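Report on the structure given below.
As the structure is a prediction and not an experimental result, all values here were calculated from the model. Reminder, nothing fancy here: chain letters follow the sequence lines and each chain counts from 1.
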Protein chains: 2
Amino acid sequence: MEDTIQIAIVGLGVIGGSFAWALKEQEDFPVKLMGIDRDGRTLDQALAAGVIDQGELVNREILQQADLVIITLYPDDLIAFVKGHRDSFKAGAIVTDVTGVKGGVVEEVVAILPEEVDFIFGHPMAGRESQGFAYADKTVFDQANYLLTPRPANKPENVHFLTQLLTALGFKSVRQVDYQTHDRMVAYVSQLCHILAISLINSDQAGQETADFMGDSYRDLTRIANINAPLWQQLFLHNKEALLRAMANFQDQFDLLKKALEDEDQASLMTLLEEGAKRRLALEKMDFKVQNN
Amino acid sequence: MEDTIQIAIVGLGVIGGSFAWALKEQEDFPVKLMGIDRDGRTLDQALAAGVIDQGELVNREILQQADLVIITLYPDDLIAFVKGHRDSFKAGAIVTDVTGVKGGVVEEVVAILPEEVDFIFGHPMAGRESQGFAYADKTVFDQANYLLTPRPANKPENVHFLTQLLTALGFKSVRQVDYQTHDRMVAYVSQLCHILAISLINSDQAGQETADFMGDSYRDLTRIANINAPLWQQLFLHNKEALLRAMANFQDQFDLLKKALEDEDQASLMTLLEEGAKRRLALEKMDFKVQNN
């Protein structure tokens, strides 16, 4: 690693742009920031804002210089980008991603990766509902969690370096987890929630009346139905098995409530509702701890 | 109607108590407030706070005096109370309830009601997660919606009077709706949401890890899993048919997403996600209007 760390960000959307801002404004590491984006206006904005020093529409010399490459593309584009640039990375470069699912993506990427490139997969648990560089902002990462899913092939010193750098960007914790656990947990705590929100709002039979009758429950449960469809379609498909398992587990519980209702089985209904209330209270206690540590 | 309106509140929990506070503090109608509650300590608190002028553990003379009776009991207790006191109401009295479902309750109550009592069914779209008189507060009703489900037998002047009185308590709007529409909408915008929250949290396979991985999606979707089980068990059972229909409609949409995922059908997945996003954006536009009117 040289004194000044040469960093390439591939994709200057809201996440890539936020990385650029956060990297520029941190003071622990001397960095040179370079950006690759298929939109010339985005590059112009980022250069004019002084947030990157160099920009390219397609890679010509940026990747060859970069000690660290942060790829913030959608899953399918990430795989295509690595395929198309496998011979452009600097020997010894650290490459990382921000993809919300790991299993399928890691396997495809690792299969095509040159041995001298150290790809450390990661996932910032942060985002914005708005898209594009204009919404990028280093505060996106403030107090958020970062998950790294290192592989045995990753060099410990590189994982350590990336952890230090991410901490300097404002993340509250940088945690290591195996990618199977990551994908199983993401399927449940995030993807299943989106499936439920979409199914709920798509099952609306009333239209206009719904807005008149709804309260906070419906408002909260449908908030994430305002989904980035092209991105989430890829995230769902790349995590198909884990998501289908989470959906099947949900279905089992939904069916128990349905049967208790059909049978007018007060005892079973009480047991299921009390179990839910108990679990939520336990979660709030753990959440409180997490937020105060 | 006499100059001072004699009002009996049956059940001084968080809703009944909030009615008492709001009635005491409004200035449009001169009222005398009386309370019936099975808990002597609750009556003592309400009397000591000066929020009721008279209290009884079981009715002795309160109902006989009351021009207006507001019953804030759970559905099964409401039915039992009306059965047990059908001969105690003052002739010409207006009686109202706050039950969250109507169909089953209305039919059972009307079947046992003396002809000279005018029962106007209603539902304040407001509440607190905490229970009991100690949490009662007139601000519970501030800017909330009130739904009345009048029957052909109700006297228009009584519906008008109740509407004026509720408006004086701080409700933003008092709207009339037939009880079938009420129950269908409540099944969808409220009860189904609670079924989903319970099913989601009860399908957790990870325990402690969930608190570490979760973000706002999971936090928001499970908030209402902290349910008052004895109350909601009754609300679900009294609205069984409408809730099962809402659950079936949800199931249809859930199954479409599941099939698209199983088949890795990108086009169908995109269509379903885009439809959800479109509906949520439309809802936000209507919600904005509602909130600003």
Sort [X] into side chain, backbone, both or neither according to what part of it lies under 4.5 angstrom from a heavy atom of chain B.
| X | result |
| --- | --- |
| A:Leu221 | both |
| A:Gln234 | neither |
| A:Ile201 | both |
| A:Met214 | both |
| A:Arg223 | both |
| A:Val177 | side chain |
| A:Leu147 | side chain |
| A:Leu200 | both |

Just so I understand: if I count every heavy-atom pair under 4.5 Å between each of [options] and chain B, which residue has the most?
| options | answer |
| --- | --- |
| A:Leu196, A:Leu243, A:Asp255 | A:Leu196 |
| A:Met125, A:Glu241, A:Lys258 | A:Lys258 |
| A:Glu209, A:His194, A:Gln233, A:Arg184 | A:Gln233 |
| A:Thr271, A:Asp252, A:Asp216, A:Ile227 | A:Ile227 |

If only atom types and distance count, is the side chain of [X] paired as donor or acceptor with the main-chain N or O of [Y] below 3.5 Å?
| X | Y | value |
| --- | --- | --- |
| B:Thr72 | B:Gly11 | yes |
| B:Asn202 | A:Gln253 | no |
| A:Asn226 | B:Leu281 | no |

Closest-packed option against chain A by number of heavy-atom pairs under 4.5 Å, given [options]:
| options | answer |
| --- | --- |
| B:Asp220, B:Leu237, B:Leu261, B:Ile198 | B:Leu261 |
| B:Asp204, B:Leu272, B:Leu256, B:Asn228 | B:Asp204 |
| B:Ala260, B:Ser217, B:Gly215 | B:Ser217 |

Specify whether A:His182 and A:His123 have parallel, tilted or perpendicular ring planes, treating 30° as the upper limit for parallel and 60° as the lower limit for perpendicular.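 The arrangement is perpendicular - the two ring planes meet at more than 60°.
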Using the ring of each side chain (for Trp, its six-membered ring), is B:Phe19 parallel, tilted or perpendicular to B:Tyr146, with breaks at 30° and 60°?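 Perpendicular, since the angle between the ring planes exceeds 60°.
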Please classify the contact of B:Ile224 with chain A as side chain, backbone, both or neither, using a heavy-atom distance under 4.5 Å.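 Just its side chain gets close to chain A.
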Can you tell me which portion of B:Leu192 sits under 4.5 Å from chain A's heavy atoms? Options are side chain, backbone, both or neither.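 Only the side chain of B:Leu192 comes within 4.5 Å of chain A.
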Is the CZ atom of B:Arg151 crowded by more than 12 outside heavy atoms at less than 6.0 Å? yes
Between [Y] and [X], is there a salt bridge with N-O shorter than 4.0 Å?
| X | Y | answer |
| --- | --- | --- |
| A:Lys102 | A:Asp97 | yes |
| B:Glu274 | B:Lys278 | no |
| A:Arg279 | A:Glu275 | yes |

Taking the side chain as C-beta and beyond, is there a heavy-atom pair between B:Leu257 and B:Leu273 under 4.5 Å? yes
Verify whether the ring centers belonging to B:Phe213 and A:Tyr188 lie closer than 6.0 Å.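 Not under 6.0 Å, so no.
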